[in-house]
Amino acid sequence: MDNLGSLLSSTSSDMLKLLNSTSSKVDDGNGPDGVYRSHLLSIPSPNKIMIKPTNSLSAMKIQRIEMAFGCTSWQGNTSPASFSLQYTNDQTAKVEDDINDGKWTTLKQYTSWSNLSGMVTLDVDFSCRLFRLVVNTAYQGNYFNATIFRLFGAVRQGAILLIEDEQRIYSYTNGEIKFVGNSPVTETMFSQSGFTNISAVSQSQWRAMTSPKILAYSVENYPLTADLTVPKTLYDPVKKCYIGIGEIVTPLEILPAGRKQLILTADYIDCTFSYSLDSGTTWTSMLPDQINDISSMIGNALVIKVTSTKSTSRLNAISYAWS
């Protein structure tokens with residue numbers, strides 16, 4: 001667990017100083033009545049301050065937050081009185097977003113800061129693309145003092161994703177598939193519009209695309225792997241048929257010894273057919289309504305595959321028989 005300061009950027013230069021500080025002192029006692037503190041910074045209030053990785057294509061895994069406001073001599077009256085800590089994985093989120101904006105998750109909210117002096121440590125465990133401090137009010141009125149604000153954990157390359165369909169690039173934001181630009185995909189598209197959760201895309205949204213591909217961002221000499229399962233099914237429960245591009249494989253059936261012939265019938269548009277007698281290891285093409293001689297073939301583990309090759313492909317019914 002490392003101090004992330006050197007890997008972070010902020011919309012506040014004062015916050016950036018705090019993030020990079022290694023001092024453990026909250027109040028160093030310099031000057032009469034705390035008028036001067038060697039590492040105390042005055043920050044305007046109210047305020048919204050964003051923290052994010054310097055590399056916009058990275059994510060933060062935050063495991064600890066350290067913070068200290070005000071100073072002992074002033075009995076904490078220079079602390080923020082009401083503030084929140086929030087984070088998000090939504091790349092479209094802005095620092096000026098309302099505190100109740102649904103893109104942001106509130107980690108901790110303080111309505112009356114009671115830690116007048118001393119460092120407060122929060123042990124947490126979450127990952128995010130953006131983090132922010134939202135100060136609503138301060139005891140002093142129009143500013144608050146901070147001596148420590150640090151984040152600990154790791155900065156790592158996340159799985160930044162986009163979707164390509166028919167040479168057009170799309171993102172997924174707030175439940176909607178949104179057009180980003182034309183192919184080829186660029187790093188700017190990933191940094192400005194990339195998303196991280198492919199499972200949120202619904203089955204109907206996948207079916208609405210012709211031939212979608214998931215694009216994952218990677219940088220040279222930095223391996224990036226993603227284990228992705230696209231929640232797509234060709235079956236349309238309303239029309240009660242299979243529609244679109246993909247493959248349909250029948251359940252395995254063990255044929256008896258001595259089988260000689262196989263025939264298939266189907267009600268379809270723009271589909272091709274094949275069969276396998278070794279559980280799908282090798283495939284042989286077949287045409288509907290034609291008898292296939294399988295007497296000399298090895299294996300009895302029959303599966304039949306239907307390949308739909310166009311967005312207009314359709315399979316209404318299929319049946320087969322052997323003898």
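Note that this is a predicted model, so its numbers are computed, not measured. Index from 1, following the sequence.
Partners of N316 by side-chain hydrogen bond (donor to acceptor under 3.5 Å, both in side chains), not counting sequence neighbours, listed by chain and number: D267, R314. For T111, there are no side-chain contact (heavy atoms from CB on, under 4.5 Å) partners, not counting sequence neighbours. Under the side-chain contact (heavy atoms from CB on, under 4.5 Å) criterion, S295 pairs with K260, D293, sequence neighbours left out. Taking the side-chain contact (heavy atoms from CB on, under 4.5 Å) definition, one finds that R168 meets it with Y170, F179, N182, sequence neighbours left out.
A continuous path of ILVMFWY side-chain contacts below 4.5 Å connects L107 to L151, so both sit in one hydrophobic cluster. Placement of F126 and L19 within a single hydrophobic cluster is found when ILVMFWY residues are connected by side-chain heavy-atom separations under 4.5 Å, directly or transitively. I318 is connected to Y268 through a chain of hydrophobic side-chain contacts under 4.5 Å among Ile, Leu, Val, Met, Phe, Trp and Tyr, so both are in one cluster. V134 and I43 fall into different hydrophobic clusters, defined by Ile, Leu, Val, Met, Phe, Trp and Tyr side-chain heavy atoms under 4.5 Å apart, directly or through other members. Both I214 and V201 belong to a single network of hydrophobic side chains, linked directly or stepwise wherever heavy atoms of I, L, V, M, F, W or Y lie under 4.5 Å apart.
Once rounded to the nearest 0.5 Å, the distance linking CG of L277 with CD1 of I294 reads 5.5 Å. Here the straight-line distance linking atom CE of M189 with atom OG of S183 works out to 7.5 Å at 0.5 Å rounding. Separating the OG1 atom in T284 from the OH atom in Y275 is a distance of 4.5 Å, to the nearest 0.5 Å. With rounding to the nearest 0.5 Å, the separation of CG in N292 from CH2 in W322 is 15.5 Å. The CZ atom of F152 sits 12.0 Å away from the CG atom of L122 when rounded to the nearest 0.5 Å. Note that the CE atom of M15 and the CG atom of N20 stand 11.5 Å from one another [nearest 0.5 Å].
With hydrogens and angles ignored, the 3.5 Å screen pairs a side-chain donor or acceptor of R150 with a backbone N or O of S21. Under the 3.5 Å distance criterion, the side-chain polar atoms of S171 are matched with a main-chain donor or acceptor of S193. Looking at K103, its side chain never comes within 3.5 Å of a backbone N or O of T92 through a donor-acceptor pair. Looking at Q205, its side chain does come within 3.5 Å of a backbone N or O of G175 through a donor-acceptor pair. A donor-acceptor contact shorter than 3.5 Å is absent between the side chain of D289 and the backbone of L287. Formation of a donor-acceptor pair under 3.5 Å by the D101 side chain with backbone atoms of D98 is not found in this model. Checked by atom type and distance alone, the side chain of T54 pairs as donor or acceptor with a backbone atom of L7 at under 3.5 Å. Listed for the S45 side chain is no donor-acceptor partner under 3.5 Å among the backbone atoms of N47. Remark: the backbone N or O of A301 is not paired with any side-chain donor or acceptor of S279 at under 3.5 angstrom. Listed for the E164 side chain is no donor-acceptor partner under 3.5 Å among the backbone atoms of L215.
Applying the 4.5 Å side-chain rule to ILVMFWY residues, one finds L252, I254, W283, V303 in the same cluster as V249. Within the hydrophobic cluster formed by Ile, Leu, Val, Met, Phe, Trp and Tyr side chains joined at under 4.5 Å, directly or through other members, M50 is accompanied by V95, W104, L130.
Atom NZ of K178 has more than 12 neighbouring heavy atoms from other residues, nucleotides or ligands inside a 6.0 Å radius. For R259, the CZ atom sits in a packed shell: over 12 heavy atoms of surrounding residues, nucleotides or ligands are nearer than 6.0 Å. Around CD of Q167, the count of heavy atoms belonging to other residues, nucleotides or ligands within 6.0 Å does not exceed 12. Heavy atoms of other residues, nucleotides or ligands lying less than 6.0 angstrom from NZ of K52 number 12 at most.
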Could you please spell out the steps behind the side chain to side chain contact (heavy atoms under 4.5 Å, CB included) verdict for Y320 and M286?
CA-CA 12 Å; Y320 64 90; M286 66 188 307; over 6 Å; no

Between I51 and L4, is the side chain to side chain contact (heavy atoms under 4.5 Å, CB included) condition met? List the steps.
CA-CA 11 Å; I51 300 170; L4 303 183; over 6 Å; no

Yes or no on side chain to side chain contact (heavy atoms under 4.5 Å, CB included) for Y242 and V306, after CA distance, side-chain angles and deciding distance?
CA-CA 10 Å; Y242 296 87; V306 183; over 6 Å; no

Full working for side chain to side chain contact (heavy atoms under 4.5 Å, CB included) between K108 and V124
CA-CA 11 Å; K108 189 81 173 177; V124 296; over 6 Å; no

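When all heavy atoms of Q109 and T106 are compared, the closest pair comes out as CB-CG2, 4.2 Å. In terms of heavy atoms, K48 sits closest to E96 at NZ-O, 3.3 Å. When all heavy atoms of Q86 and I99 are compared, the pair lying nearest together is NE2-O, 2.9 Å. Minimum interatomic distance between C271 and S308 (heavy atoms only, all atoms of both residues): SG-CB, 4.2 Å. The two residues R129 and M60 make their nearest non-hydrogen contact at O-CE, 3.8 Å. Scanning all heavy atoms of the two residues, the minimum distance from Y139 to S112 falls at OH-OG, 3.4 Å.
In summary, the aromatic rings of F83 and F144 are positioned with their centroids too far apart to meet the 6.0 Å limit.
In this structure, C128 and I62 have side chains that are in contact, with non-hydrogen atoms separated by less than 4.5 Å. Side chains of D278 and I298 form no contact here, defined as non-hydrogen atoms less than 4.5 Å apart. Between F149 and D14 the shortest side-chain heavy-atom distance does not fall below 4.5 Å. P288 is not listed as a side-chain neighbour of T265, based on a closest heavy-atom distance of 4.5 Å or more. The shortest distance between side-chain heavy atoms of S10 and L8 does not fall below 4.5 Å. Between I269 and T312 there is no side-chain heavy-atom pair separated by less than 4.5 Å.
Side-chain contact, S82 with T137: no donor N or O sits under 3.5 Å from an acceptor N or O.
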